[in-house]
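Reading through the structure tokens given below for one structure.
Only heavy atoms go into these numbers, but all of them, side chains included; no hydrogens, no water, no symmetry mates.
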Amino acid sequence: MALMIYSLYGFAIFFFVFWCAMWLLHLIAIFYGKYRLHKKVEDKPSDEAYPGVSILKPLMGTDPHLISNLETFFTMRYRAYELLFCIEDEKDPSIDVIYNLIKKYPKVATKVFIGGSSVGVNPKINNMHNAYQESVYDFILISDSGIRMKEDTLQDMVNHMSERTGIVHQMPFTCDRNGFAATYEKIYFGTAQSRMYLVADSLRVNCHTGMSTLMRKCVLEELGGIQTFGCYLAEDFFIAKTFIQKGWRTAISSQPAMQNSGICDVRSFQARLTRWAKLRVTMVPQVILLEPLSECMVIGACAAWAASLLFKWEPLVFYLIHILVWFMCDWILLSIVQNGSLPFNKFDFIVGWLFRECSGPYLFILAIFDNSIKWRNRSFRLAWGGRAQEIKPRIKC
Ligand SMILES: CCCCCCCC/C=C\CCCCCCCC(=O)N[C@@H](CO)[C@H](O)/C=C/CCCCCCCCCCCCC
Ligand SMILES: O=c1ccn([C@@H]2O[C@H](COP(=O)(O)OP(=O)(O)O[C@H]3OC[C@@H](O)[C@H](O)[C@H]3O)[C@@H](O)[C@H]2O)c(=O)[nH]1
């Protein structure tokens, strides 16, 4: 009996301390976000201070926004860069889009690589490998198909590349788009994910997401090139992990990554979140406990129970106040990340936020109990540690 009482009190203290720590994370994210994001992009004294950058654009299929997203790479204000388009399938409709843009902007240095190679399991690495080998500059920017750049985004990223920094990445966020799915995506990236991303970056914890990331090529070369990471689906996490082990720093840039895919629906976004959660679970198994506990609805319920046991506080009142204050912190953080007016009103935010908060733990549970992953047109099985194996690999002619 005594053991049971001690255990109950032990759990209650653990939940209450975890709950307090989550408020600390909220505060760190808000202050760090305000300090770090959306700073004016400074000009270095001379143009020569800006190194050349080889930009790898892995493409697969088109969407209604692809042409305008890609066009932003042709109109960047940056001294020396080359655009290396990578397409695996020679019948891919994105090829026409690229050639039209190349015709429109003949002064921009571009190359097109069709066919990919087979250096590992990760199809994005396979797609980019030939372009990586042909890249001529000392810095590599890997940029996913749905990313939009401002004129000064590349300059902003390079400005954050200090002597000790090996990787500068953009914190994932989204462009303004219409509809509930777009609201849901913006709320997810601007609240739950930004909170962890900003805290992780401020504490120098590896949170590198590879959708828009600038790297030193010499370090990649020392590690054997991008093909070294082809055995992982989450190549981004392992690249940053290895850079850090070699003594390099990673940093986020001041502008977040503006994702602007023309395909925006709740189901495919949830499939993407579940895929990412599966990757995190196999790479860092501690998240099986940490992630659900860091969710508003879950930690709120645990802390309400703990507070009623430890301090005899009314649990329902505690829970409702907890949700309200969490909601307000998220609104503040989202406003900081957006840095301007939001494309939806407060009612849309309430609905989108409640949907995100209630569905988050459910999606995570789905991810834990299934180690198979579908990414675009391929399926994989994940093993502990993060290595992946393709299920029924497609035969390439
Ligand atoms: C009181 C402590 C609470 C700690 C809660 C920890 C919850 C950790 C959750 C997320 C960490 C940030 C993840 C951001 C990236 C998410 C997107 C993603 O999954 N991208 C993958 C695909 O591109 C990519 O491969 C993943 C990269 C990062 C993986 C990070 C693993 C989690 C590390 C957790 C360590 C604790 C962090 C504590 C920070 C306060
Ligand atoms: O089979 C594929 C799949 C994807 N890709 C390319 O890889 C990029 C990212 O693909 P998606 O948008 O489907 O996927 P995500 O946004 O979820 O990717 C993210 O998660 C997994 C990590 O490995 C990636 O680095 C990260 O960008 C795109 O540019 C896409 O064209 C391929 O080239 N081949």
Before we go on, tell me: are the rings of His208 and Tyr197 under 6.0 Å apart, centre to centre?
no
Taking atom NZ as the centre, does Lys150 end up with more than 12 heavy-atom neighbours from other residues, nucleotides or ligands that are less than 6.0 angstrom away?
no
Going through the checks in order, is the salt bridge (Lys or Arg N to Asp or Glu O under 4.0 Å) test met by Lys278 and Asp370?
CA-CA 8 Å; Lys278 287 176 186 180; Asp370 181 8; 3.5 Å; yes
Check whether the side chains of Tyr78 and Glu151 place a donor and an acceptor atom closer than 3.5 Å, and report yes or no.
no
Partners meeting ring pair (Phe, Tyr, Trp, His ring centres under 6.0 Å) with Tyr99 (sequence neighbours left out):
none
Not counting sequence neighbours, which residues clear salt bridge (charged side-chain N to carboxylate O under 4.0 Å, His left out) with Glu357? List them please.
none
Might you work through the salt bridge (Lys or Arg N to Asp or Glu O under 4.0 Å) test for Asp156 and Lys39, ending with a clear yes or no?
CA-CA 9 Å; Asp156 177 50; Lys39 295 289 157 209; over 6 Å; no
Check: Gln259 side chain, Phe173 main-chain N or O, donor-acceptor pair, under 3.5 Å:
yes
Hey, are Glu71 and Tyr105 close enough side-chain-wise for a donor-acceptor pair under 3.5 Å?
yes
Set of side chain to side chain donor-acceptor pair (under 3.5 Å) partners for Asp152, sequence neighbours left out
Gln255
Side-chain (Asn345) to main-chain (Phe347) donor-acceptor, under 3.5 angstrom
yes
Among pairs that include at least one residue of residues 134-159, which meet ring pair (Phe, Tyr, Trp, His ring centres under 6.0 Å), considering only residues two or more places apart or in two chains?
none
Partners of Tyr188 by ring pair (Phe, Tyr, Trp, His ring centres under 6.0 Å), sequence neighbours excluded?
Phe269
Crowding at NZ, Lys374 (>12 non-hydrogen neighbours, <6.0 Å)
yes
Centre of Phe73's six-membered ring, under 6.0 Å away, within 45 degrees of the axis: is that where NZ or CZ of Lys57 sits?
yes
Sub-3.5 Å donor-acceptor pair from the side chain of Thr165 to the main-chain atoms of Ile167, do we have one?
no
In short, salt bridge (Lys or Arg N to Asp or Glu O under 4.0 Å) pairs touching residues 18-30 with sequence neighbours left out are none
Among Trp326, Tyr319, Phe318, find the residue that satisfies the ring-ring contact (aromatic ring centres under 6.0 Å, His included) test when tested with Trp19.
Phe318
Side chain to side chain donor-acceptor pair (under 3.5 Å) partners for Asn126, two or more places apart:
none
With a sphere of 6.0 Å drawn around CZ of Arg177, does it hold more than 12 non-hydrogen atoms of other residues, nucleotides or ligands?
yes
Connected to Tyr6, directly or through other members, by ILVMFWY side-chain contacts below 4.5 Å are none
Polar contact flag, side-chain donor to acceptor under 3.5 angstrom, Asn122-Glu235:
yes
Counting neighbours of CD on Gln389 that are heavy atoms of other residues, nucleotides or ligands and sit closer than 6.0 Å, is the number greater than 12?
no
According to a hydrophobic-cluster definition based on side-chain heavy atoms being under 4.5 Å apart (Ile, Leu, Val, Met, Phe, Trp, Tyr only), do Leu316 and Phe327 belong together?
no
Return yes if a side-chain donor-acceptor contact under 3.5 Å exists between Ser54 and Glu82, otherwise no.
yes
Mark yes or no for whether Gln270, through its side chain, and Gly360, through its backbone, hold a donor-acceptor pair below 3.5 Å.
no
Test ring pair (Phe, Tyr, Trp, His ring centres under 6.0 Å) applied to His160 - qualifying residues, sequence neighbours left out
none
Results of ring pair (Phe, Tyr, Trp, His ring centres under 6.0 Å) for Tyr232 - residues two or more places apart only
Phe238
Counting N and O atoms only, with roles assigned by atom type, does the side chain of Asp63 sit under 3.5 Å from a partner on the main chain of Leu66, one being a donor and the other an acceptor?
yes
Count the heavy atoms belonging to other residues, nucleotides or ligands that lie under 6.0 Å from NZ of Lys312, then report whether that count exceeds 12.
yes
Transitive ILVMFWY cluster of Val41 at side-chain heavy atoms under 4.5 Å: who else is in it?
none
Would one find more than 12 heavy atoms of other residues, nucleotides or ligands at under 6.0 Å from atom CD of Gln245?
yes
Applying side chain to side chain donor-acceptor pair (under 3.5 Å), can you list everything that pairs with Arg356, at least two apart in sequence or on another chain?
Glu295
Answer with yes or no whether the hydrophobic clustering places Val325 together with Val199; edges join I, L, V, M, F, W, Y residues whose side-chain heavy atoms lie under 4.5 Å apart.
yes
Cation over ring, Lys217 on Tyr132, under 6.0 Å and within 45°?
yes
